[in-house]
Engineer: 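Shown below is the structure under consideration.
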Amino acid sequence: MTRPKPISGFPEWMPPQRTIEQYVVDRIRNTFELYGFAPLETRAVEPLDQLLRKGETSKEVYVLRRLQAEEGATDDDSLGLHFDLTVPFARFVLENAGKLQFPFRRYQIQKVWRGERPQEGRYREFLQADIDVVDRDTLPFHYEAEMPLVVADALGGLPIPPIRIQVNNRKVCEGFYRGVGIGDPEAALRAVDKLDKIGPDRVAELLVETAGATQAQAKAALALAEISATDASFADAVRALGVEDPLLDEGLAELVRVVETANEVAPGLVIADLKIARGLDYYTGTVYETQLRGYERFGSICSGGRYDNLASTGTERFPGVGISIGVSRMLGLLFGHDALTISRSVPTCVLVAVPTEDDRPACDRTARALRSRGVPTEVAPTAAKYGKQIKYAERRGIPYVWFPGEPDTVKDIRSGEQVEADAATWQPPAEDLRPVVSGA
RNA sequence: GUGGCUGUAGCUCAGUUGGCAGAGCACCGGGUUGUGGUCCCGGGUGUCGAGGGUUCAAAUCCCUUCAGUCACCCCA
């Protein structure tokens with residue numbers, strides 16, 4: 001029998017890491033609900049044509065197929081695992097528009113799948129935590145300013161490095177490109193997005209080669225991309241470039257509002273960064289990317305944007321804005337750098353020692369009494385010597401060992417302090433009740 | 001999907017021109033007939049990632065494959 005091996009890109013964390021993940025997800029979920037987002041879970045699969053509706057990245061979609069699929073099965077009816085939570089949500093809104101009240105605020109925390117080549121913080125199966133707001137026909141702009149605040153609140157209470165959310169607005173780029181006469185705005189966006197990686201010279205070359213820009217146009221696009229600021233001053237820098245376009249003006253006004261809204265609540269959280277592009281299609285307004293301070297080189301852990309055409313039937317339109325926290329990605333990076341620790345590897349707060357097997361029923365009663373008051377408790381596996389029972393607790397980080405006797409005593413094995421205790425009333429200090437997650 | 005690097009004990013790693021698989025820490029047992037950590041004694045716990053090839057002989061050389069990681073691609 002060969003020992004089973006891991007599958008590339010499908011990480012399985014150990015209980016301490018999973019405990020941390022649950023803690024993080026709880027924090028995120030509670031925050032989302034604090035802002036009034038309603039819970040939603042969509043099925044894992046979507047019709048393949050739905051998934052591929054936008055973009056030609058079909059390579060990365062996992063397709064679902066029965067082992068005994070019929071020979072003549074057509075591709076039309078095949079199913080794919082969802083690769084994000086926005087596309088399934090858009091489908092859900094269209095499907096259930098009649099039952100929903102708009103604007104509709106929902107959160108979704110689910111696994112998604114992408115057939116990418118894995119590396120640290122980048123997996124084929126991973127967890128995302130997503131919020132979106134959609135409305136019918138038109139979506140008020142102010143929701144675009146709200147997204148970063150929710151994310152900052154959710155992540156701000158966690159023992160992780162501070163985040164910085166980079167924002168841009170598609171209208172700024174597209175208006176600007178139109179203003180200077182660049183023919184292929186999408187190609188231009190794609191080129192400009194690489195600025196940090198390949199530098200201004202290569203971006204200028206790309207702009208000429210792929211976006212059909214002249215040298216002067218490339219220079220202008222590059223000048224725009226190099227602008228960034230944590231306050232509204234970026235708008236002056238853009239206007240100083242002397243490009244005139246109504247869409248540009250609209251985008252600038254929106255981006256200023258996003259930045260100023262954030263600065264009022266959380267100064268330094270948001271930075272306007274005009275090279276941020278995100279995916280090629282479907283974003284139409286504000287776009288977000290998020291860096292963990294100190295982990296900038298690992299890319300964005302949270303991203304999203306405004307979309308106007310994702311959910312539409314032709315007659316009805318449901319514009320939306322959303323942002324998604326890459327939970328697995330963020331935790332994978334932090335775990336990889338030993339930047340998160342937990343005080344114990346199991347939930348157990350108290351181990352009830354067992355003097356002899358004849359005493360086990362009494363020990364079980366003690367455990368039940370503690371559990372009934374919310375103290376996570378387990379009973380020692382065997383009536384081994386007390387030294388071994390204490391070691392059992394120590395190896396797992398369990399802080400307390402309960403010794404049956406006349407009277408019962410409980411020992412804090414970290415300090416060695418042992419006191420008389422009654423299982424009907426004893427309570428550990430609040431900080432010992434659950435494992436504590438902390439930064440390294 | 002393309003290319004590079006890495007893979008030896010639970011962890012960190014050593015292993016010479018191919019010649020009996022090692023160290024530290026961790027862990028297990030005992031000293032300790034019942035309260036751990038210090039100390040002493042004892043124990044190597046391994047499919048050298050896997051499969052195949054070359055060879056008298058492979059952790060070592062060759063091929064394939066799996067996994068991790070890095071750079072691309074992509075990031076909906």
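Naming convention: chains lettered A, B, ... in sequence-line order (proteins, then strands); numbering from 1 in each chain.
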Engineer: Does a side-chain N or O of A/Ser300 approach OP1 or OP2 of B/rC75 to a distance below 4.0 Å, or not?
Structural biologist: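 False: A/Ser300 side-chain N/O out of range (4.0 Å or more) of B/rC75 OP1/OP2.
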
Engineer: So, is A/Arg395 close to the B/rG36 phosphate, meaning a side-chain N or O under 4.0 Å from OP1 or OP2?
Structural biologist: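 For A/Arg395, the contact criterion (side-chain N or O under 4.0 Å from OP1 or OP2 of B/rG36) is not met.
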
Engineer: Is A/Ser8 touching bases, backbone alone, or none of the nucleic acid, heavy atoms closer than 4.0 Å?
Structural biologist: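 If one applies the 4.0 Å heavy-atom cut-off, A/Ser8 turns out to touch the sugar-phosphate alone, with no base involved.
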
Engineer: Pick base, sugar-phosphate or nothing for A/Gly9, based on heavy-atom distances below 4.0 Å to the nucleic acid.
Structural biologist: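 Sugar-phosphate, no base atom in range.
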
Engineer: Tell me whether the side-chain N or O atoms of A/Arg117 pair up with the base of B/rC70 as donor and acceptor below 3.5 Å, since no angle test is needed here.
Structural biologist: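 A donor-acceptor contact between them is absent.
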
Engineer: Out of A/Val352, A/Thr356, A/Thr377, which residue meets the side chain to side chain contact (heavy atoms under 4.5 Å, CB included) rule with A/Cys363?
Structural biologist: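 For A/Cys363, the side chain to side chain contact (heavy atoms under 4.5 Å, CB included) test succeeds with only one of A/Val352, A/Thr356, A/Thr377, which is A/Val352.
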
Engineer: Given that A/Arg122 and A/Ile413 both sit by RNA chain B, which one's nearest nucleotide is further toward the 5' end?
Structural biologist: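 Counting from the 5' end, the first nearest nucleotide belongs to A/Ile413.
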
Engineer: If we only count heavy atoms from C-beta on, is the A/Leu207 to A/Gln217 side-chain gap below 4.5 Å?
Structural biologist: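 Side-chain contact under 4.5 Å: no.
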
Engineer: Give the nucleotide from the list B/rC66, B/rC74, B/rA67 with an atom nearest to the side chain of A/Lys5.
Structural biologist: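 The answer is B/rC66.
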
Engineer: Using atom CE of A/Met14 as one end and atom P of B/rC11 as the other, report the distance to the nearest whole Å.
Structural biologist: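 The answer, rounded to whole Å, is 10 Å.
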
Engineer: Please report, rounded to the nearest Å, how far the P atom of B/rC75 is from the CG atom of A/Asp196.
Structural biologist: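 Spelled out: CG on A/Asp196 to P on B/rC75 is 17 Å.
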
Engineer: Would you kindly say whether A/Tyr35 and A/Asp153 are connected by a side-chain donor-acceptor distance under 3.5 Å?
Structural biologist: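 A pair is found: one side chain offers a donor N or O, the other an acceptor, under 3.5 Å apart.
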
Engineer: A/Tyr288 OH to B/rC75 C1': how many Å, rounded?
Structural biologist: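 Distance check: A/Tyr288 OH to B/rC75 C1' gives 18 Å.
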
Engineer: For A/Glu296 and A/Gly294, indicate whether the former's side chain and the latter's backbone hold a donor-acceptor pair under 3.5 Å.
Structural biologist: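 Yes; judged by distance alone, with no hydrogens or angles, the pair exists.
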
Engineer: Using a cut-off of 4.0 Å on non-hydrogen atoms, how would the nucleic acid contact of A/Glu394 be classed: base, sugar-phosphate, or nothing?
Structural biologist: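 If one applies the 4.0 Å heavy-atom cut-off, A/Glu394 turns out to touch a base.
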
Engineer: How long is the line joining CD of A/Gln119 and C1' of B/rG3, in whole Å?
Structural biologist: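 For the pair A/Gln119 CD and B/rG3 C1', the rounded distance is 13 Å.
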
Engineer: Please report the distance, rounded to the nearest Å, between CZ in A/Arg114 and P in B/rC75.
Structural biologist: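 After rounding, the reported distance stands at 10 Å.
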
Engineer: Taking any heavy-atom pair under 4.0 Å as a contact, classify A/Gly416: base, sugar-phosphate, or nothing.
Structural biologist: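 Since a base atom lies under 4.0 Å of A/Gly416, the category is base.
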
Engineer: Indicate whether OP1 or OP2 belonging to B/rU33 is found under 4.0 Å from a side-chain N or O atom of A/Lys385.
Structural biologist: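 So the side-chain polar atoms of A/Lys385 do come within 4.0 Å of the phosphate oxygens OP1 or OP2 of B/rU33, strictly under.
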
Engineer: Given atom CD1 of A/Ile7 and atom P of B/rG68, what is their separation to the nearest angstrom?
Structural biologist: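 Checked: the CD1 to P distance equals 10 Å.
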
Engineer: Please name the residue in the list A/Val321, A/Val270, A/Ile276 that meets the side chain to side chain contact (heavy atoms under 4.5 Å, CB included) test with A/Tyr288.
Structural biologist: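 Looking at A/Val321, A/Val270, A/Ile276, the match for A/Tyr288 under the side chain to side chain contact (heavy atoms under 4.5 Å, CB included) is A/Val321.
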
Engineer: Does a side-chain N or O of A/Lys388 approach OP1 or OP2 of B/rU32 to a distance below 4.0 Å, or not?
Structural biologist: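 So the side chain of A/Lys388 is outside the cut-off, no N or O lying under 4.0 Å from OP1 or OP2 of B/rU32.
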
Engineer: Do A/Ser78 and A/Leu64 have side chains that approach each other closer than 4.5 Å (heavy atoms only, starting at C-beta)?
Structural biologist: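 Result no, sub-4.5 Å side-chain heavy-atom pair not found.
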
Engineer: Out of B/rC75, B/rA67, B/rU35, which has the shortest distance to the side chain of A/Arg190?
Structural biologist: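 The closest nucleotide is B/rC75.
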
Engineer: Does a side-chain N or O from A/Lys194 land closer than 4.0 Å to OP1 or OP2 of B/rC74, or not?
Structural biologist: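 For B/rC74, OP1/OP2 do have a side-chain N/O of A/Lys194 under 4.0 Å.
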
Engineer: Categorize A/Arg329 for me: base, sugar-phosphate, or nothing, with a 4.0 angstrom heavy-atom threshold over every strand shown.
Structural biologist: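 Answer is nothing: A/Arg329 stays at 4.0 Å or more from every strand.
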
Engineer: Dot-bracket for RNA chain B: what is it, with Watson-Crick or G-U pairs under 3.5 Å, [ ] where a pair crosses earlier ones, and | for a pair to another strand?
Structural biologist: (((((((..((((.....[..))))((((((.......))))).)...(((((..]....))))))))))))....

Engineer: At 4.0 Å (heavy atoms only), tell me whether A/Phe403 reaches a base, stays on the sugar-phosphate, or touches nothing.
Structural biologist: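 The residue A/Phe403 makes base contact.
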
Engineer: Does a side-chain N or O from A/Lys411 land closer than 4.0 Å to OP1 or OP2 of B/rG36, or not?
Structural biologist: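 Answer is no, no contact under 4.0 Å.
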
Engineer: Given atom CD of A/Glu116 and atom P of B/rG1, what is their separation to the nearest angstrom?
Structural biologist: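 Going from CD in A/Glu116 over to P in B/rG1 covers 12 Å.
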
Engineer: Side chains of A/Glu41 and A/Gln110: donor-acceptor distance under 3.5 Å anywhere?
Structural biologist: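 Checked: A/Glu41/A/Gln110 side chains show no N/O donor-acceptor pair below 3.5 Å.
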
Engineer: Work out how far the P atom of B/rU38 is from that of B/rG34, and round it to whole angstrom.
Structural biologist: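 After rounding to an integer number of Å, I get 22 Å for this pair.
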
Engineer: Could you check whether the rings of A/His82 and A/Trp113 sit parallel, tilted or perpendicular, using 30° and 60° as the cut-offs?
Structural biologist: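 Tilted.
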
Engineer: Check this one for me: any side-chain N or O of A/Gln389 less than 4.0 Å away from OP1 or OP2 of B/rG34?
Structural biologist: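 Answer no for this pair, as no side-chain N or O of A/Gln389 is under 4.0 Å from OP1 or OP2.
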
Engineer: Taking the side chain of A/Pro355 as its heavy atoms from C-beta onward, which of B/rC75, B/rC70, B/rG34 lies nearest to it?
Structural biologist: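 In terms of side-chain proximity for A/Pro355, the closest of B/rC75, B/rC70, B/rG34 is B/rG34.
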
Engineer: When the P atoms of B/rA9 and B/rU60 are considered, how many whole Å apart are they?
Structural biologist: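 Approximately 15 Å lies between the P atom of B/rA9 and that of B/rU60.
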
Engineer: Could you state the atom-to-atom distance from CZ of A/Arg124 to P of B/rC73 in whole Å?
Structural biologist: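 Value for this atom pair: 18 Å.
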
Engineer: Only one of A/Lys275, A/Arg297, A/Arg202 passes salt bridge (Lys or Arg N to Asp or Glu O under 4.0 Å) with A/Asp196; say which it is.
Structural biologist: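 With A/Asp196 as partner, salt bridge (Lys or Arg N to Asp or Glu O under 4.0 Å) holds for just one option, A/Lys275.
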
Engineer: Which sits closer to the 5' end of RNA chain B, A/Phe10 or A/Val87, going by the nucleotide each is nearest to?
Structural biologist: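 Of the two residues, A/Phe10 wins.
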
